[in-house]
Amino acid sequence: MDGSTVVLTMAPDSVPYNLNYKLTISGVKGYNDSYSAISYYETTIALRENTRPAYKPDPVFDKTTMTAIKINFTETVLGTMTVKVSQIVGSNTIEIPVKSVDVNGSTATINLAIPPSNNSLMYINIVSYDIKDLNGNSLAAMPSTIPLLITYN
């Protein structure tokens, strides 16, 4: 053996679970047919789940605190997110100060400095995010602006 290497690249979202999978290799030839095809080879290899977490539409306004908005994901995630929040009040657009964004479990909680006005339209502008699942898979695309209707009752 001359130390040649074959690199196996998995397509994103193709491995659903951390498990041992059967790998079968056959028909691999050297560059430009310089070697004959290798013999049939079968083994078991451990693969890590590579399914990216995804954003779940429809954030939730927490009517208990009146200052929290929860954005949910399809699985447990870690990371950071920066947002700007604005609200349409009459014909004016008002920015609502954001105290923090806490990413914990399968939720990012946006903590507002003040409660938004009742019966108004709010926009969550995603400035940046670096969110990954526990296997290091980056969050699939997320909308840059999320509308949310605020009603207290």
Side-chain angles (χ1 to χ4, degrees), residues 1-87 95-113 115-116 121-152:
M1 189 103 207
D2 64 6
S4 297
T5 302
V6 174
V7 177
L8 175 65
T9 303
M10 305 302 293
D13 304 322
S14 63
V15 182
Y17 306 104
N18 291 338
L19 290 174
N20 290 327
Y21 290 86
K22 183 170 114 177
L23 174 67
T24 303
I25 302 172
S26 65
V28 177
K29 295 183 179 183
Y31 175 75
N32 207 18
D33 287 332
S34 58
Y35 296 95
S36 60
I38 65 170
S39 302
Y40 176 89
Y41 177 76
E42 187 176 295
T43 190
T44 300
I45 60 171
L47 294 179
R48 288 178 59 167
E49 170 269 333
N50 73 349
T51 304
R52 295 171 292 180
Y55 157 76
K56 286 183 166 180
D58 302 323
V60 177
F61 177 65
D62 186 339
K63 294 179 184 178
T64 304
T65 66
M66 303 296 280
T67 57
I69 301 166
K70 296 180 186 274
I71 296 176
N72 295 302
F73 303 100
T74 55
E75 62 182 297
T76 300
V77 293
L78 303 169
T80 61
M81 178 183 283
T82 303
V83 302
K84 287 187 177 182
V85 177
S86 59
Q87 183 176 34
E95 186 169 328
I96 297 178
V98 175
K99 289 194 324 188
S100 65
V101 180
D102 301 320
V103 179
N104 188 11
S106 61
T107 303
T109 302
I110 301 167
N111 298 298
L112 304 174
L121 184 59
M122 179 179 288
Y123 290 97
I124 304 163
N125 295 305
I126 310 299
V127 176
S128 65
Y129 60 89
D130 181 16
I131 295 181
K132 297 179 180 177
D133 69 10
L134 299 180
N135 279 330
N137 301 305
S138 293
L139 180 67
M142 186 172 180
S144 59
T145 302
I146 304 168
L148 176 62
L149 181 61
I150 299 299
T151 55
Y152 293 173

Taking only residues two or more places apart in sequence, or in another chain, which ones meet [X] in a side chain to side chain donor-acceptor pair (under 3.5 Å)?
| X | answer |
| --- | --- |
| T65 | none |
| S100 | N111 |
| T9 | none |
| E49 | N135, N137 |

Straight-line distance of [X] [atom1] to [Y] [atom2], nearest 0.5 Å:
| X | Y | atom1 | atom2 | answer |
| --- | --- | --- | --- | --- |
| M122 | I150 | CE | CD1 | 4.0 Å |
| K132 | L139 | NZ | CG | 11.0 Å |
| L47 | L8 | CG | CG | 7.5 Å |
| D102 | T107 | CG | OG1 | 11.0 Å |
| D130 | L78 | CG | CG | 10.0 Å |
| L149 | L121 | CG | CG | 6.5 Å |

Any side-chain heavy atom of [X] sitting closer than 4.5 Å to one from [Y]?
| X | Y | answer |
| --- | --- | --- |
| T82 | V101 | no |
| V85 | I110 | yes |
| S106 | E75 | no |
| N104 | T109 | no |
| L112 | M66 | no |
| Q87 | Y123 | no |
| S14 | N50 | yes |

Minimal non-hydrogen separation, [X] against [Y], with atom names:
| X | Y | result |
| --- | --- | --- |
| L148 | P59 | CD1-O, 3.5 Å |
| P16 | T51 | CA-OG1, 3.7 Å |
| T67 | P115 | CG2-N, 3.7 Å |
| F73 | Y55 | CD2-CA, 3.9 Å |
| L23 | I45 | CD2-CD1, 4.0 Å |
| I124 | I71 | CG2-CD1, 4.5 Å |

(request) Tell me, please, which residues at least two apart from L19 pass side chain to side chain contact (heavy atoms under 4.5 Å, CB included). (result)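 For L19 the side chain to side chain contact (heavy atoms under 4.5 Å, CB included) partners, ignoring immediate neighbours, are Y17, Y21.
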(request) Kindly write out the residues that satisfy side chain to side chain contact (heavy atoms under 4.5 Å, CB included) with T74, not counting sequence neighbours, or none if the list is empty. (result)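 In terms of side chain to side chain contact (heavy atoms under 4.5 Å, CB included), with neighbours along the sequence ignored, T74 is linked to P53, A54, K56.
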